[in-house]
Amino acid sequence: MSSKPSIPKGTRDFLPETMVKRNYIFSTIKSVFEKYGFLPIETPSMENTETLMGKYGDEGDKLIFRILDSGDSVKNADISALSEGNFGKFSNSIAGKALRYDLTVPFARFVVQNQNDLAFPFKRYQIQPVWRADRPQKGRYREFYQCDADVVGSDSLLYEIELVQIFDEVLSKLGFDDFSIKINNRKILSGIAEVCGEADKLVAITVAIDKLDKIGIDGVVKELQERGVSEQAIKKINPLFNLNGSNEEKLSGLKTFLELSEVGLKGIEELSYVLSRVSELGIQKATVEFDVTLARGLNYYTGAIFEVKANNVQMGSICGGGRYDDLTGLFGLKGLSGVGISFGADRIYDVMNELKLFPAHTLTSTQVLFVNFGEAEQMQSLKLAKQLRLKNVACEVYPSAAKMQKQMKYANDRKIPFVVMIGSKEISTNQVTFKNMDSGEQQTSSLDHFVQTILS
RNA sequence: GUGGUUGUAGCUCAGCUGGUUAGAGCACCAGAUUGUGGUUCUGGGGGUCGUCGGUUCGAACCCGAUCAUCCACCCCA
């Protein structure tokens, strides 16, 4: 016996039952995206290595899956880089392509490359897998789907408002009834760093305070110290950890804190605007919450930052997003502002499974199975099947005259609701004998009557 | 990259301080039932106990290495 087959770490096979549920998530997201006027695009699974490298920080670079060149191009391997221990340079010399790490950076590349064919503001949605060479764990895979909606070419806050509405609409539609849309603004974070006199440590500060709910105030203070933030600055930041109350209360508290920072106040203004409009328009099931500690690692965000978490369940964020003023600038097209969101379909699936949010109706594709009794009967069944299919009834004919028991069991295992038996009697009278697998009832009638029965 | 967990039949797992022929449930196949599934009964096939090495008269069990897995950290959807 050969060794057991397997699939790479962090990847999965999806059985039909799972795919039906996954497709339900995808189609729900897609239909909402389309209602807001987003158009579909796709980009290749792989990008040129240089398109991706350096866009996600040092940590991100390490998590990019690279595709080894084959054939003659391996001759271009930079052996001297290898012997010098410069592995990054060496890998670049033998891996010209890499699997996409997210959908946003490839989208930026796409916009720059196809700018002449796009009408701005350009609103696109994209549902495709991405790959990360991370260690798998709960809710973390090496291959997973992102469902992104982004607008590029407008800095209007109208889109922030609509994107929050999309979060709310999609997740409410999927049956979530307790989830938080957390929102913050990078300008507020910049303002905080500025007020503390540590403007150049913005990233260090944001990364640290992002962990507040995980490691507590003491942990954050310790991390800030380790990252070289001055004691004076830490003291100044401290009150922010205890910010609570309604969104309005938190915002007004911060406004005082940030009164000397122009950028900080701008962030407050933007956020207040979005929050007030969102609440005036009304939301379904979401709790929309301003969270100063929300930072997110991606350093290309410049304005709004979003993150969605399902409550009462042990799982990281299920959606994310934000505004990036100059993403396309990385590829040479300046002055285009973008804002977008991303649904993590795999995590949404895991949470829905855990909370039992999937509708009860299970896998039913085939409605009718024709039992096969032999060559002549099979032909008659095929003729009838053809007629059923013309009426859009999904049906199939068992492929061989196997024992009745086996054929019935197949219908049962597949959860096919009706079994039709065509024997010599039925051929001569031009009728069908059909059995309702749920009730066990069986009767003989004309095909038309049978069709009426199953369609009712 | 760091720390920990678990690897026994297709799946979920039992297996005593190391003892002779390694078990159960589910699944699968056959029969009870030659045109009737889902329930029931009877029988059957299927495992070099993750892999390699060590200790021992003797290893699924103890030790080491290695691979895989899951969980946590980092980071993230």
Side-chain angles (χ1 to χ4, degrees), chain A residues 1 3-12 15 25 29 56-64 87 100-104 127-148 167 203 206-208 210-211 214-215 219 223 226 294-299 306-310 314-322 340-351 369-374 377 398 401-426 433-442 444:
Chain A
M1 205 170 73
S3 62
K4 278 189 197 176
S6 63
I7 53 176
K9 189 201 296 262
T11 64
R12 295 151 298 158
L15 273 61
I25 294 173
I29 292 172
Y56 310 103
D58 292 345
E59 209 59 45
D61 281 358
K62 285 188 220 155
L63 300 180
I64 292 172
F87 300 123
R100 75 166 95 79
Y101 176 90
D102 72 355
L103 300 178
T104 308
I127 299 178
Q128 289 191 277
V130 303
W131 294 269
R132 294 185 188 176
D134 217 343
R135 283 243 185 139
Q137 55 180 282
K138 186 177 162 82
R140 179 174 303 188
Y141 307 99
R142 287 185 148 185
E143 178 182 58
F144 62 97
Y145 272 74
Q146 288 193 332
C147 312
D148 278 29
F167 277 140
V203 174
T206 56
V207 168
D210 188 43
K211 295 178 185 166
K214 216 168 189 174
I215 59 180
E223 179 142 350
E226 281 166 9
L294 173 62
R296 295 179 58 79
L298 294 175
N299 33 32
F306 306 112
E307 183 167 288
V308 180
K309 286 205 64 167
Q314 192 71 28
M315 178 67 73
S317 55
I318 54 177
C319 308
I341 57 174
S342 179
F343 287 81
D346 302 77
R347 283 191 177 174
I348 289 172
Y349 177 93
D350 289 346
V351 171
L369 176 76
F370 288 86
V371 173
N372 190 326
F373 289 119
E377 293 89 344
Y398 198 84
K403 291 175 73 166
M404 184 73 167
Q405 199 175 178
K406 188 162 180 163
Q407 302 194 42
M408 293 300 287
K409 185 166 160 42
Y410 174 77
N412 192 61
D413 289 347
R414 287 277 311 275
K415 298 186 170 69
I416 296 171
F418 290 95
V419 168
V420 169
M421 280 152 278
I422 302 297
S424 49
K425 233 186 322 179
E426 286 82 3
T433 294
F434 64 95
K435 175 165 179 164
N436 179 324
M437 291 296 279
D438 198 32
S439 65
E441 281 170 51
Q442 185 168 320
T444 302

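When reading the values below, keep in mind they use all heavy atoms of this one structure, side chains included, and skip hydrogens, waters and symmetry mates. A, B, ... follow the sequence lines: proteins, then strands. Residue 1 opens every chain.
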message: When you measure from the side chain of A:D61 to the backbone of A:Y56, do you find a donor-acceptor pair of N or O atoms at a distance under 3.5 Å?
response: no
- prompt: Is the side chain of A:Q407 donor-acceptor paired with the backbone N or O of A:A402 at a distance under 3.5 Å, no angle test?
  reply: yes
Side-chain donor/acceptor of A:N412 to base of B:G37, under 3.5 Å: yes
message: As a check on the pairing definition, encode RNA chain B in dot-bracket form, counting Watson-Crick and G-U wobble pairs whose two distances are under 3.5 Å, and using | for partners outside this strand.
response: ((((.((..((((.....[...)))).(((((.......))))).....(((((..]....))))))).))))....
- prompt: Whole-Å distance between B:C75 P and A:L63 CG?
  reply: 11 Å
message: Could you tell me how far B:C49 sits from B:G31 if I compare only their P atoms? Round to whole Å.
response: 33 Å
query: Heavy atoms under 4.0 Å, any strand shown: does A:G57 hit a base, just sugar-phosphate, or nothing?
result: nothing
query: With a 4.0 Å cut-off, would you call A:D413 and A:K409 a salt bridge?
result: yes
task: Rounded off to whole Å, could you give me the CD-to-C1' distance for the A:E59 and B:G1 pair?
output: 8 Å
Nearest-angstrom distance from the residue atom CZ of A:R142 to P of B:U69: 8 Å
query: From the list B:U69, B:U36, B:A77, which nucleotide is the closest neighbour of the side chain of A:M408?
result: B:U36
- request: For nucleotides B:G23 and B:G47, find the distance between their C1' atoms and express it as a whole number of Å.
  value: 11 Å
statement: Shortest non-hydrogen pair, A:P129 vs A:E143, comes out as CB-CG, 4.3 Å
query: Under 4.0 angstrom, heavy atoms only, what part of the nucleic acid is A:K211 near: base, sugar-phosphate, or nothing?
result: sugar-phosphate
message: Tell me whether A:F343 and B:A77 count as stacked here, given that the ring centres must be under 5.5 Å apart and the planes must differ by less than 30 degrees.
response: no
message: I'd like to know if A:Q407 reaches the base of B:U36 with its side chain such that a donor and an acceptor end up less than 3.5 angstrom apart.
response: no
task: Give a yes or no answer on whether the side chain of A:R140 reaches the backbone of A:G10 with a donor-acceptor pair at less than 3.5 Å.
output: no
- request: If a protein heavy atom is under 4.0 Å from the base, mark B; if only from the sugar-phosphate, S; if neither, -; do that for nucleotides 27-33 of chain B going 5' to 3'.
  value: -S--S--
task: Please report the C-alpha distance between A:E426 and A:E377 in whole Å, then the side-chain angles of each, then the deciding distance to 0.1 Å, and finally whether the side-chain contact (heavy atoms from CB on, under 4.5 Å) criterion is met.
output: CA-CA 9 Å; A:E426 286 82 3; A:E377 293 89 344; over 6 Å; no
- line: Result for 5'-nearest mapping on RNA chain B, choosing between A:G139 and A:S424, is A:S424
task: Using the P atom on both, measure B:U69 against B:C62 and round to a whole Å.
output: 23 Å
Phosphate contact (B:C74 OP1 or OP2) by A:K214 side-chain N/O below 4.0 Å: yes
- prompt: Taking atom types as they are modelled, is there a donor-acceptor pair under 3.5 Å from the base of B:U69 to the side chain of A:R135?
  reply: no
Nearest-angstrom distance, P atom, B:A60 to B:U48: 13 Å
message: A side-chain contact here means heavy atoms from C-beta on lying under 4.5 Å apart; do A:R347 and A:C319 qualify?
response: no
query: To the nearest Å, how far apart are A:M421 CE and B:G37 P?
result: 11 Å
Whole-Å distance separating the NZ atom of A:K138 from the P atom of B:A72: 7 Å
message: Using atom C1' in both nucleotides, what's the gap between B:U56 and B:G50 to the nearest angstrom?
response: 23 Å
- prompt: Of all the choices, B:G37, B:A77, B:C75, which nucleotide is nearest to the side chain of A:M437 once you look at every atom?
  reply: B:G37
message: Measuring only the C1' atom in each nucleotide, how far is B:U8 from B:U51? A whole number of Å is fine.
response: 14 Å
message: Quick check for you: among B:C75, B:U36, B:C71, whose closest atom lies nearest to any side-chain atom of A:Q137?
response: B:C71
message: Under 4.0 Å, heavy atoms only, any strand: does A:D134 hit a base, just the sugar-phosphate, or nothing?
response: base
field: With A:F167 via ring-ring contact (aromatic ring centres under 6.0 Å, His included) - residues at least two apart
entry: A:F306, A:F343
message: Between the base of B:A77 and the side chain of A:R132, is there a donor and acceptor pair under 3.5 angstrom?
response: yes
message: In whole Å, measure the gap between the P atoms of B:G3 and B:A65 for me.
response: 13 Å
field: side-chain contact (heavy atoms from CB on, under 4.5 Å) between A:M408 and A:M437, intermediate numbers included
entry: CA-CA 9 Å; A:M408 293 300 287; A:M437 291 296 279; 3.7 Å; yes
field: Shortest non-hydrogen separation from A:I422 to A:V420 and the atoms involved
entry: CD1-CG1, 3.7 Å
- request: Classify the nucleic acid contact of A:G316 as base, sugar-phosphate or nothing, counting any heavy atom under 4.0 Å across all strands shown.
  value: nothing
task: Let me know the distance between CG of A:D438 and C1' of B:G38, rounded to the nearest Å.
output: 10 Å
- prompt: Taking atom P of B:A77 as reference, at what distance in whole Å does atom OH of A:Y56 sit?
  reply: 11 Å
message: Under 4.0 Å, heavy atoms only, any strand: does A:Y141 hit a base, just the sugar-phosphate, or nothing?
response: base
- request: Mark yes or no for a side-chain to base donor-acceptor pair under 3.5 Å between A:R140 and B:C75, with no hydrogen or angle criteria applied.
  value: yes
N/O donor-acceptor pair under 3.5 Å between A:N436 side chain and A:E441 backbone: no
- request: Taking atom C1' in both B:C61 and B:A14, compute the distance separating them and give it to the nearest angstrom.
  value: 14 Å
message: Rounding to an integer number of Å, can you tell me how far A:K62 NZ sits from B:C74 C1'?
response: 9 Å
query: Would you say A:R142's side chain and A:P136's backbone share a donor-acceptor pair under 3.5 angstrom?
result: no
task: Please work out if A:S342 contacts a base, only the sugar-phosphate, or nothing of the nucleic acid, heavy-atom cut-off 4.0 Å.
output: nothing
